[in-house]
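Just so it is clear, the structure is predicted and the values come from calculations on it, not from any experiment.
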Amino acid sequence: MVGESGRVLVVDDSEAIRQLIRVNLELEGFEVVTAADGAECLEVVRRVRPDAVTLDVMMPRLDGLRTAARLRADAGTAELPIAIVSACTPADLEKGESVGVDGYLAKPFDPEDLVALVRRLVGLKRGEGSGITFGGRAPH
């Protein structure tokens with residue numbers, strides 16, 4: 001049943017990437033809502049109340065790292081599980097860690113890693129597991 005696994009907000013300025021992520025997650029039972037940039041994400045997140053958010057880093061208007069920082073700074077979304085799904089630089093990873101991102105997945109990604117990452121994020125929301133995830137797998 002669609003949505004049984006959780007609701008995910010996918011934020012990326014590339015429509016092709018949003019659709020790729022949507023299809024892979026919907027096949028696994030997730031309900032997927034999308035936004036084209038960080039500013040739209042901040043509008044949509046209140047309306048749809050997702051269980052997790054995936055953010056690209058490089059986006060117009062408001063990039064993924066600043067979006068993550070704003071989500072963390074807002075009491076209503078401070079605990080929302082967030083992952084960066086992007087071609088990240090080491091500096092992006094450090095900045096993401098400093099703002100409290102819960103996971104990272106490098107583009108291009110394996111769909112299985114994407115699904116594993118999102119499952120873990122939704123589990124965090126439900127109080128299961130902890131720690132930062134890279135590429136869908138928990139670090140050693």
For R66, the salt bridge (charged side-chain N to carboxylate O under 4.0 Å, His left out) test, sequence neighbours excluded, returns D63

What one should report as the nearest heavy-atom pair of A68 and V99 is CB-CG2, 4.0 Å

- Message: With heavy-atom distances below 4.5 Å as the criterion, would you say the side chains of V53 and L55 are in contact?
- Response: yes

Quiz prompt | side chain to side chain contact (heavy atoms under 4.5 Å, CB included) evaluation trace for I21 with V23 | solution = CA-CA 6 Å; I21 294 172; V23 166; over 6 Å; no

Sorted by chain and number, sequence neighbours left out, side chain to side chain donor-acceptor pair (under 3.5 Å) with E40 holds for none

In this structure, CG of L121 is separated from OG1 of T54 (nearest 0.5 Å) by 8.5 Å

Sorted by chain and number, sequence neighbours left out, side chain to side chain contact (heavy atoms under 4.5 Å, CB included) with E43 holds for none

Give the cluster check for M58 versus L65: same hydrophobic cluster or not, with ILVMFWY residues linked at side-chain heavy-atom distances below 4.5 Å.
yes

CG (D13) and CD (E15) are apart, to the nearest 0.5 Å, by 11.5 Å

**OP:** Could you give me the CA-CA distance, side-chain angles and deciding distance for D51 and R119, then say whether salt bridge (Lys or Arg N to Asp or Glu O under 4.0 Å) is met?
**Re:** CA-CA 10 Å; D51 296 307; R119 277 198 180 119; over 6 Å; no

Closest heavy-atom pair, R22 versus V32, reported as atoms and distance to 0.1 Å, is NH1-O, 3.2 Å

V48 meets the side chain to side chain contact (heavy atoms under 4.5 Å, CB included) criterion, sequence neighbours left out, with R7, V33, V44, P50

Residues L9 and C41: closest non-hydrogen pair is CD2-SG, 3.8 Å

Review point. Below 4.5 Å, heavy atoms only, C-beta onward: do F30 and N24 meet side chain to side chain?
Key: no

The side chain to side chain donor-acceptor pair (under 3.5 Å) partners of D37 (sequence neighbours excluded) come to R61

Here the pair of heavy atoms bringing D12 nearest to R18 is O-NH1, 2.6 Å

Between side-chain atoms of residues 72-88 and protein atoms elsewhere (two or more places apart, or another chain), which donor-acceptor pairs fall under 3.5 Å?
from : atom 1 : to   : atom 2 : distance (Å)
R72  : NE     : G100 : O      : 3.0
R72  : NH1    : A78  : O      : 2.8
R72  : NH1    : L80  : O      : 2.7
R72  : NH2    : L80  : O      : 3.1
R72  : NH2    : G100 : O      : 2.9
R72  : NH2    : D102 : OD2    : 2.8
D74  : OD1    : R46  : NH2    : 2.5
D74  : OD1    : G76  : N      : 2.7
D74  : OD2    : R46  : NH2    : 2.4
T77  : OG1    : L71  : O      : 2.6
S86  : OG     : D56  : OD1    : 2.8
S86  : OG     : V57  : N      : 3.3

Hits for side chain to side chain contact (heavy atoms under 4.5 Å, CB included) against R70, two or more places apart or cross-chain, chain-then-number order -> L42, L62

